[in-house]
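This report refers to the structure that appears directly beneath it.
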Amino acid sequence: QVQLVESGGRSVQAGASLRLSCAVSGGTFSYNVMGWFRQAPGKEREFVAAISRSAGSMYYLDSLEGRFTISRDSARNTVYLQMNSLKPEDTAVYYCAAGRVSHTITTMSASRENNYDYWGQGTQVTVSS
């Protein structure tokens, strides 16, 4: 069983940077992609970024690429989301997820929630203007 624990969320001013962490344990061979999603108040959860477990290929929501960077530390079994130049509209609960894409991982397949079987509890990021 894969377990995911996010950390790093907090309240910041617009323009600040934050790095979220997701510690992964268990189920070593159960997933081949790790993703970050977010859910703002009153909105549906949306894809933010993903990274393939083997090659470390990265996939992003187009509007966030350039400000957000996903990375992994395989030795620590941890996935990170570096968020720069934060805006009030980035306010959301950020979720880490682990999943398996059966064919070639693409941005489209990596963004589909139904490809992810394991989810963390979420970490709140609040950006004030």
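One-based numbering along the sequence shown.
Residues passing the salt bridge (charged side-chain N to carboxylate O under 4.0 Å, His left out) test with Glu89, sequence neighbours excluded: none. Partners of Arg112 under the salt bridge (charged side-chain N to carboxylate O under 4.0 Å, His left out) rule, at least two apart in sequence or in another chain, do not exist in this structure. Applying the salt bridge (charged side-chain N to carboxylate O under 4.0 Å, His left out) rule to Glu113 yields the partners Arg45; only residues at least two apart in sequence or on another chain are considered. Contacts of Thr126 classified as side-chain hydrogen bond (donor to acceptor under 3.5 Å, both in side chains), with partners at least two apart in sequence or in another chain: Gln124. For Thr107, the side-chain hydrogen bond (donor to acceptor under 3.5 Å, both in side chains) test picks out no residue, with sequence neighbours left out. Applying the salt bridge (charged side-chain N to carboxylate O under 4.0 Å, His left out) criterion to Asp62, with sequence neighbours excluded, gives no partner residue.
Applying the side chain to side chain donor-acceptor pair (under 3.5 Å) rule to pairs touching residues 7-21 yields Gln13-Ser128, Ser17-Asn84, sequence neighbours excluded. The stretch residues 65-76 participates, sequence neighbours left out, in these salt bridge (charged side-chain N to carboxylate O under 4.0 Å, His left out) pairs: Arg67-Asp90, Asp73-Arg76. Listed by first then second residue, pairs satisfying ring pair (Phe, Tyr, Trp, His ring centres under 6.0 Å) with a partner in residues 63-110 number zero, not counting sequence neighbours. Contacts classified as disulfide (SG to SG under 2.5 Å) and involving residues 38-90 (residues at least two apart or in different chains) are not found. Evaluation of the disulfide (SG to SG under 2.5 Å) test over residues 95-128, restricted to residues two or more places apart or in two chains, returns Cys22-Cys96. Residue pairs meeting the disulfide (SG to SG under 2.5 Å) criterion with at least one member in residues 60-95: none, sequence neighbours excluded.
Side-chain atoms of Asn115 come within 3.5 Å of backbone atoms of Ser109 as a donor-acceptor pair (strictly under, hydrogens ignored). With Ser52 contributing its side chain and Ser57 its backbone, the two residues share a donor-acceptor pair below 3.5 Å. Within the 3.5 Å criterion, the main-chain N or O of Val127 finds a donor-acceptor partner in the side chain of Thr91.
For the pair Tyr31 and Asp117, the minimum side-chain heavy-atom distance is 4.5 Å or more. Contact of the Val24 side chain with the Thr78 side chain is not registered, since no non-hydrogen atoms from C-beta on lie closer than 4.5 Å. Proximity of Glu46 to Gln39: side-chain heavy atoms (C-beta onward) are nowhere separated by under 4.5 Å. Using a 4.5 Å heavy-atom cutoff, the side chains of Ile105 and Val33 are in contact.
Aromatic rings from Phe37 and Tyr116 are positioned such that their centres are separated by under 6.0 Å.
In this structure, CG on Asn32 lies 8.5 Å from OG on Ser102, to the nearest 0.5 angstrom. Atoms CD1 and CE, from Ile51 and Met58 in turn, are 6.0 Å apart once rounded to the nearest 0.5 Å.
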Any chance you could lay out the side chain to side chain contact (heavy atoms under 4.5 Å, CB included) test for Thr69 and Tyr60, step after step, and finish with the verdict?
CA-CA 8 Å; Thr69 303; Tyr60 294 96; 3.7 Å; yes

